[in-house]
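These notes concern the structure reproduced below.
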Amino acid sequence: MSTTFQLDTSTSRANPTPAPMKRLTVPLVRQRKAEGVTAQPLVMLTAYTARQAQLLDEHCDLLLVGDSLGQVIYGLPSSVPVTLDMMIAHGAAVVRGSYHAVVIVDMPFGSYEASPEQAFASAARVLKETGCAAIKLEGGAAMAETVAFLTQRGIPVMGHVGLTPQAVNVLGGYGARGRSKAEAAKILGDAKALADAGAFAIVIEGVIEPVAIAITHEVPCPTIGIGASAQCDGQVLVTEDMLGMFERVPRFVKIYENLAETIAGAAAHYAAEVRARQFPGPEQTYQPK
Ligand code: KIV
């Protein structure tokens, strides 16, 4: 599959023309796991901007507009301060920049926990104002009623169990979960409750590997691991983490490229040329005709 993003001067850089293609759907993602087996693992990355979505789209089955944008884009200390308006603005940009992947938008802290009705009102805004296909919310059995309420009313839901960053103030940090028998059983129960409630997929974050494998065997819907196990039905990473944009990343991140070094190098080169009056050169300046 190829996507060409031609520059159309009648529009702008922000409005590329993609080759016609069919977008994946939530049911197709759900069906990837058949009778407990996912022959082709699901690929998910986070995306927050249109251009990032354009670059990632053809390689991913799912693009997640994660509330990790709080830290990654806005420099916030956690995802707790992220608002629904922030998620909607970035969600709409990612939908505009993608043509193939299923776009999922995270529900931010405080926008869904109070009641199924609150969750429906918030999620309906997200779907209407971004054009995304589904939402993701954190929490296990406590959220099962809400997941059922949303899915029965036309809103596909991806669950998220284990290390749930919005609960950092309760968890006390971002350490791996499921180390005690009781906690492992609780996380497994959470995942089962979400699957029973109709979640089409479940993110398993930061849990010890045997727990991730047990969940993957026991729930019928696909599991998407992050700091979990290669045996999950798919994987997700925060794109900026795997591109090497940050000095410190969780141990479960594999760095595929060192973009921070490339960007700093380009900025240093530019600064030196400006200071030496080497930029702009003849190719970058307009002369009278
Ligand atoms: O917010 C986010 O980016 C996430 C992923 C890390 C799963 O929830």
Side-chain angles (χ1 to χ4, degrees), residues 29 41-49 52-53 56 60-84 86-91 93-94 101-113 122-123 126 130 132 134-140 143 147 156-168 171 173-177 187 190-191 194 199-207 212 215-216 221-229 232-243 245-246 248-256:
V29 167
L42 290 156
V43 179
M44 180 158 97
L45 280 171
T46 60
Y48 314 119
T49 67
Q52 191 181 31
L56 303 177
C60 292
D61 302 303
L62 304 132
L63 289 175
L64 172 67
V65 187
D67 62 351
S68 51
L69 63 74
Q71 295 103 308
V72 175
I73 302 286
Y74 291 93
L76 293 167
S78 75
S79 54
V80 171
V82 172
T83 66
L84 199 55
M86 287 158 81
M87 295 310 302
I88 287 172
H90 288 273
V94 170
V102 173
V103 177
I104 297 147
V105 175
D106 253 344
M107 301 295 288
F109 180 68
S111 70
Y112 63 94
E113 301 89 332
S122 300
V126 171
T130 69
C132 74
I135 58 97
K136 175 167 84 58
L137 52 77
E138 293 184 12
M143 281 298 126
V147 171
V157 181
M158 176 178 275
H160 185 153
V161 299
L163 171 56
T164 46
Q166 291 175 12
V168 63
L171 299 176
Y174 297 101
R177 318 303 306 177
I187 298 169
D190 281 342
L194 293 176
F200 74 92
I202 300 172
V203 168
I204 307 174
E205 177 166 357
V207 302
I215 295 172
T216 301
C221 65
T223 59
I224 314 280
I226 174 165
S229 171
C232 289
D233 301 301
Q235 300 295 324
V236 59
L237 281 177
V238 170
T239 298
E240 280 78 354
D241 282 348
M242 70 94 158
L243 290 179
M245 291 288 281
F246 296 108
R248 283 187 57 218
V249 288
R251 86 162 255 180
F252 57 72
V253 173
K254 180 169 175 183
I255 298 188
Y256 286 83

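The basis for the numbers below is simple: all heavy atoms, side chains too, and nothing from hydrogens, waters or symmetry mates. In each ligand, atom 1 is the first atom listed, and ligand 1 is the first ligand listed.
When all heavy atoms of V161 and G139 are compared, the pair lying nearest together is CG1-O, 4.4 Å.
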Does the side-chain contact (heavy atoms from CB on, under 4.5 Å) test come out yes or no for F200 and V29, once each step is laid out? CA-CA 8 Å; F200 74 92; V29 167; 4.2 Å; yes
Criterion side-chain contact (heavy atoms from CB on, under 4.5 Å) on Q166 and H160, from CA distance to verdict: CA-CA 11 Å; Q166 291 175 12; H160 185 153; over 6 Å; no
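When the options V94, V126, I104, D106 are evaluated for a side chain to side chain contact (heavy atoms under 4.5 Å, CB included) with V65, the one that passes is V94.
Looking at E240 and Q52, their side chains do bring a donor and an acceptor atom within 3.5 Å of each other.
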Pairs under 3.5 Å, nitrogen or oxygen of ligand 1 with protein nitrogen or oxygen:
from: ligand 1; atom 1: 1 (O); to: D67; atom 2: N; distance (Å): 3.2
from: ligand 1; atom 1: 1 (O); to: D67; atom 2: OD1; distance (Å): 3.0
from: ligand 1; atom 1: 1 (O); to: S68; atom 2: N; distance (Å): 3.0
from: ligand 1; atom 1: 1 (O); to: S68; atom 2: OG; distance (Å): 3.3
from: ligand 1; atom 1: 1 (O); to: D106; atom 2: OD2; distance (Å): 3.1
from: ligand 1; atom 1: 3 (O); to: S68; atom 2: OG; distance (Å): 2.5
from: ligand 1; atom 1: 8 (O); to: K136; atom 2: NZ; distance (Å): 2.9

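Y74 meets the ring pair (Phe, Tyr, Trp, His ring centres under 6.0 Å) test with H90; sequence neighbours excluded.
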